[in-house]
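Contents: one structure, followed by commentary.
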Amino acid sequence: MVSKSNPAKKPNILIIMVDQLNGTWFPDGPAPFLKTPVLNALAKSSVRFTNTYCPSPLCAPSRASFMTGQLPSRTGVYDNAAEFASSIPTFAHLLRHAGYKTVLSGKMHFVGPDQLHGFEERLTTDIYPADFGWTPDWTKPDERIDWWYHNLGSVTNAGTAEITNQLEYDDEVAYHAKLRLYQFARKESERPFCLTVSFTHPHDPYVARKKYWDLYPEGTVPPLSVGDIPYAEQDIHSKRLFDMSDWRNYKVMPDMVRDSRRAYAANISYLDDKIGELLETLKECHLDDNTIVVFTSDHGDMLGERGLWFKMSFFEGSSRVPLMIHAPDRFTARRIDAPVSTLDLMPTLADLAGIDYGSLTSDLDGVSLLPALENKDASDRPVYVEYAAEGSIAPMAMVRKGSFKLTLAGKDPVQLFDLEADPHELHNLAESEAHAATLRGLEAFAMKRWNFADYDRDVRCSQARRLIVYEALRRGHYYPWDFQPLQKASERYMRNHMDLNVVESDARFPKRGE
């Protein structure tokens with residue numbers, strides 16, 4: 001790998017990732033009902049990919065794939081407790097190799113002892129555990145693990161609060177990210193940076209600060225497009241998700257659905273404020289002119305559509321995410337409807353930084369979006385999504401090409417939807433003679449991409465190994481892998497091995513007269 005250009009002239013990169021943001025609420029930037037002035041302005045000057053899919057509708061698999069450009073079946077990060085191997089190159093490795101300062105503030109849900117994966121610095125701990133404790137067990141398909149599985153308490157307890165576990169976390173993420181931008185401006189302007197800021201909102205529980213809740217009076221958030229579908233009429237995988245969320249022990253009333261969606265919208269507005277603080281700091285530091293901004297999410301949230309909540313499904317609310325790339329000096333702001341994947345961001349970031357990653361091309365499942373950004377190519381290619389975690393009993397796969405989406409789920413019935421004619425995915429065309437050729441074509445893409453017998457074996461072996469290792473490591477002395485951010489107090493502010501005049505001068509930005 002070699003740099004194609006002078007590192008001093010490389011663009012800075014600010015990646016803003018949010019958690020569980022439904023892509024249908026970003027049809028072309030934020031939906032009109034959302035109170036998001038910052039994201040609205042960003043969208044107007046960005047290239048917007050309106051049909052972007054996550055590699056897997058679950059946090060850790062999706063994020064590992066976003067960083068590596070490889071599907072979970074390649075990374076081995078099948079679920080939220082699968083180890084992310086240190087030997088797999090990430091965009092942070094590529095950028096760091098090319099001279100970038102790579103920094104992470106916030107969540108990335110790395111599992112295993114490596115909690116950096118190419119980032120030179122990590123400013124916060126993660127909000128979720130780094131060990132194998134959340135490992136699914138396909139040998140017990142009917143077992144529900146209440147202490148870590150989602151349940152509908154997130155819905156029945158929706159409302160307001162001034163501080164929560166997640167608000168505390170995201171406040172900290174934004175604070176450290178802003179401070180790091182000031183440090184880039186004051187002390188490290190000679191190196192380009194890639195700062196990844198990863199928030200945990202609007203992920204459930206659906207609880208928001210009142211100031212944001214009040215932005216959405218009754219009736220402001222649109223009602224469900226598809227109401228409850230009776231359990232008996234759900235597809236088999238959706239039934240598993242219902243069972244996993246312990247639906248029989250909760251009575252979800254219409255007002256709870258409304259409150260959950262209202263809090264979700266409110267938390268998007270909360271994020272809008274935090275993102276506004278970052279972008280304002282970028283401007284104050286005179287870094288905005290040479291910084292590419294990427295905005296995306298790890299997966300979506302069904303938000304009560306069809307009676308489903310959270311993610312873990314291939315339906316649009318769960319698997320589709322927003323993606324905006326802001327570099328107005330390089331790319332004309334516009335909308336691109338061709339399906340793409342967040343797998344594509346790893347090679348795209350390398351191309352944007354002028355990095356030769358040719359030796360890795362054969363290892364990548366994503367492709368660079370640079371031709372599309374430059375308005376040279378927005379070709380219709382198949383986009384792939386996988387799922388092999390809780391709520392499944394065998395590897396699941398999805399192929400999106402053009403307006404059609406194919407879902408394969410082990411021995412479950414095949415699903416085929418035409419999203420242009422049926423955006424709410426209510427009419428399964430898999431048995432339609434008129435769509436038989438389309439079905440065969442998408443199945444051919446799937447069979448070429450996956451060997452499902454090998455995939456199933458690999459997941460089961462991974463689960464079995466981790467279940468043994470976790471139980472062993474929790475006996476006796478426990479040494480967790482959770483990242484512990486350290487600050488060298490002796491190098492902060494004023495200390496007696498420092499010259500006060502230098503400290504005060506270096507800490508000021510901009511300096512007098514600049």
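In what follows, residues are counted from 1 in the order of the sequence shown. Any value given below was found using the heavy atoms of this structure, including those in side chains, with hydrogens, waters and symmetry copies removed. Source: prediction; values computed, not measured.
Side-chain contact between L303 and F310: absent, with no pair of heavy atoms (C-beta onward) separated by less than 4.5 Å. Side chains of E471 and R474 form no contact here, defined as non-hydrogen atoms less than 4.5 Å apart. Put simply, the side chain of K405 does not reach to within 4.5 Å of the side chain of V399, judged on heavy atoms. Side-chain contact check for S319 versus Y387: every heavy-atom pair is 4.5 Å or farther apart. Looking at Y479 and D131, their side chains never come closer than 4.5 Å, going by heavy atoms from C-beta outward. Between P347 and V367 the shortest side-chain heavy-atom distance does not fall below 4.5 Å. Contact annotation: the side chain of I236 approaches that of R240 to within less than 4.5 Å [non-hydrogen atoms, C-beta and beyond]. Proximity of L123 to R180: side-chain heavy atoms (C-beta onward) are separated by under 4.5 Å at one or more points.
Within a 6.0 Å radius of CG in N165, other residues, nucleotides and ligands contribute 12 heavy atoms or fewer. Around atom OH of Y478, more than 12 heavy atoms belonging to other residues, nucleotides or ligands sit under 6.0 Å away. Within a 6.0 Å radius of CZ in R248, more than 12 heavy atoms belonging to other residues, nucleotides or ligands are found. No more than 12 heavy atoms of other residues, nucleotides or ligands sit less than 6.0 Å from atom NE2 of H477.
Here D126 contributes atom CG and H109 contributes atom NE2; the two are 6.5 Å apart, rounded to the nearest 0.5 Å. Rounded to the nearest 0.5 angstrom, D114 CG and S86 OG are separated by 3.5 Å. With rounding to the nearest 0.5 Å, the separation of CG in L71 from OG in S56 is 9.0 Å. Here CE of M67 is found 11.5 Å from CG of L345. Values are rounded to the nearest 0.5 Å. We find the CG-OG distance between L349 and S368 to be 9.0 Å, quoted to the nearest 0.5 Å. For the atom pair D365 CG and L343 CG, the distance stands at 6.0 Å (nearest 0.5 Å).
In this structure, a donor-acceptor pair under 3.5 Å is present between the side chains of Q487 and R492. Counting only N and O atoms by type, the side chains of D301 and Q20 include a donor and acceptor under 3.5 Å apart. T90 and H93 share a side-chain donor-acceptor pair at under 3.5 Å. Side-chain contact check for Y264 and D204: no donor-acceptor pair (N or O, by modelled atom type) lies under 3.5 Å. When only modelled atom types and interatomic distance are considered, Y270 and D171 share a side-chain donor-acceptor pair under 3.5 Å. H497 and E491 are linked by a side-chain donor-acceptor pair at a separation below 3.5 angstrom, with hydrogens and angles left out of the test. For the residue pair Q463 / Y78, no side-chain donor-acceptor distance below 3.5 Å is found, with atom types taken as modelled. A donor atom on one side chain and an acceptor atom on the other are not found under 3.5 Å apart for S269 and D272.
When all heavy atoms of G307 and F242 are compared, the closest pair comes out as O-CZ, 3.4 Å. Closest heavy-atom contact between Q166 and I127: CG-CD1, 4.0 Å. In terms of heavy atoms, G133 sits closest to W147 at O-CZ2, 3.6 Å. Residues K311 and H150 share a closest heavy-atom pair of NZ-CE1, 3.1 Å. Across every non-hydrogen atom of G410 and A394, the tightest pair is CA-CB, 4.2 Å. Considering all non-hydrogen atoms of both residues, D482 and Y128 come closest at OD1-O, 4.3 Å.
Of the possible donor and acceptor atoms, one in the side chain of N267 sits under 3.5 Å from a partner among the backbone N and O of V207. Between the S245 side chain and the L241 main chain, a donor and an acceptor come within less than 3.5 Å of each other. Formation of a donor-acceptor pair under 3.5 Å by the E390 side chain with backbone atoms of M244 is not found in this model. The closest donor-acceptor contact from the side chain of R320 to the backbone of G300 lies at 3.5 Å or more, if one exists at all. Side-chain atoms of Q415 never come within 3.5 Å of backbone atoms of L408 as a donor-acceptor pair (strictly under, hydrogens ignored). S318 contributes no side-chain N or O that, together with a main-chain N or O of F314, makes up a donor-acceptor pair within less than 3.5 Å. Remark: the backbone N or O of L21 is paired with a side-chain donor or acceptor of S297 at under 3.5 angstrom. Not a single donor-acceptor pair under 3.5 Å links the side chain of R74 to the backbone N or O of S65. For the pair R63 (side chain) and K107 (backbone), a donor-acceptor distance under 3.5 Å is present. One N or O on the side chain of T296 and one on the backbone of P322 form a donor-acceptor pair closer than 3.5 Å.
Using a cut-off of 4.0 Å between Lys/Arg side-chain N and Asp/Glu carboxylate O, D255 and R258 are scored as not salt-bridged. A salt bridge links R191 to E120: at least one charged side-chain nitrogen sits closer than 4.0 Å to a carboxylate oxygen. A salt bridge is defined here as a Lys NZ or Arg NE, NH1 or NH2 lying under 4.0 Å from an Asp or Glu carboxylate O, and E386 with R449 fails to meet this definition. Comment: E83 does not engage R466 in a salt bridge, judged by the lack of any side-chain N to carboxylate O separation of less than 4.0 angstrom. Using a cutoff of 4.0 Å between basic side-chain nitrogens and carboxylate oxygens, D170 and K274 are not scored as salt-bridged. A salt bridge is absent between K239 and D235; no separation between the charged side-chain nitrogens and carboxylate oxygens falls under 4.0 Å.
Between W450 and Y384, the ring planes are perpendicular. Angles over 60° get that label, and only those under 30° would be called parallel.
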Fill in: Criterion salt bridge (Lys or Arg N to Asp or Glu O under 4.0 Å) on D454 and R457, from CA distance to verdict
CA-CA 5 Å; D454 288 351; R457 180 204 62 220; 3.1 Å; yes
Item to complete: List the steps and the verdict of salt bridge (Lys or Arg N to Asp or Glu O under 4.0 Å) for K101 and E190.
Response: CA-CA 10 Å; K101 182 82 171 183; E190 74 281 0; over 6 Å; no
Item to complete: Verify salt bridge (Lys or Arg N to Asp or Glu O under 4.0 Å) between E277 and K178, making sure each step is shown before the conclusion.
Response: CA-CA 8 Å; E277 292 173 15; K178 287 166 55 181; 3.4 Å; yes
Discussion item. Walk me through whether F199 and I16 qualify under side-chain contact (heavy atoms from CB on, under 4.5 Å).
Written reply: CA-CA 8 Å; F199 296 102; I16 301 171; 4.2 Å; yes
Discussion item. Does F132 form a ring-ring contact (aromatic ring centres under 6.0 Å, His included) with W481? I'd like the steps, not just the answer.
Written reply: CA-CA 10 Å; F132 298 156; W481 294 326; 5.2 Å; yes
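If you run side-chain contact (heavy atoms from CB on, under 4.5 Å) between F295 and each of I325, L14, L323, I275, only I275 comes through.
Centroid-to-centroid, the aromatic rings of F91 and F66 come within less than 6.0 Å. Taking the six-membered ring wherever Trp is involved, the centroid distance between the rings of Y206 and W309 falls below 6.0 Å.
Both the sub-6.0 Å distance and the 45° axial angle are not jointly satisfied by K10 relative to the ring of Y100. A cation-pi arrangement is absent between R144 and Y149 under the rule of less than 6.0 angstrom and at most 45 degrees off the ring axis.
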